Amino acid sequence: MRKTLATLVMLALLIVALPFVANAQCRRRTVRRYYSTRSYNSPVRYYAQRQRPSFYRRHRNLINVGIATGAGALIGGVAGGRRGALIGTASGAGLGALYTYVLKAKKRRY
């Protein structure tokens with residue numbers, strides 16, 4: 001029983017730490033591609049195209065809340081069966097939303 005509980009706790013910690021590891025990889029540089037549009041008597045105009053943000057940056061809120069919900073359900077299920085899984089799911093979703101939207105809100109970089 002102790003080995004199983006220790007394994008599940010370590011798995012939950014790994015699941016919670018996964019977004020931090022994914023975010024700590026390389027940062028993408030902005031690549032600018034210039035396209036000239038020239039018509040008959042007009043100056044040349046250049047348009048810059050930015051790279052698309054990473055999957056994690058685009059879906060950050062959903063991923064963080066989902067991971068917290070899954071971890072809460074896993075820990076609650078191990079600790080208290082079905083009822084514990086429901087309570088763990090609710091508390092995990094609440095804590096994940098609190099973390100995502102309040103404690104670590106998105107910061108815009110200009």
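This chain uses plain numbering: 1 for the first residue, then up along the sequence. Values below: all heavy atoms of this structure, side chains included; hydrogens, waters and symmetry mates excluded. Keep in mind that what you see is a predicted model, and the values were worked out from it rather than measured.
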- Query: Hey, quick one: are Ile67 and Leu86 part of the same hydrophobic cluster, counting side-chain heavy atoms closer than 4.5 Å, chains of contacts allowed?
  - Reply: no
- Note on the structure: Applied to residues 64-80, the side chain to side chain donor-acceptor pair (under 3.5 Å) test, sequence neighbours excluded, yields Tyr56-Asn64
- For the student: nearest non-hydrogen atoms of Gly92 and Ala68, plus distance: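 For Gly92 versus Ala68, the nearest heavy atoms are O-CB, 3.3 Å.
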- Query: Residues two or more places apart in sequence or in another chain: which of them pass side-chain contact (heavy atoms from CB on, under 4.5 Å) with Ile75?
  - Reply: Ala12
- Message: According to side-chain contact (heavy atoms from CB on, under 4.5 Å), who are the partners of Ala97, at least two apart in sequence or on a separate chain?
- Response: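 Per chain and number, Ala97 pairs via side-chain contact (heavy atoms from CB on, under 4.5 Å) with Val65, Tyr101.
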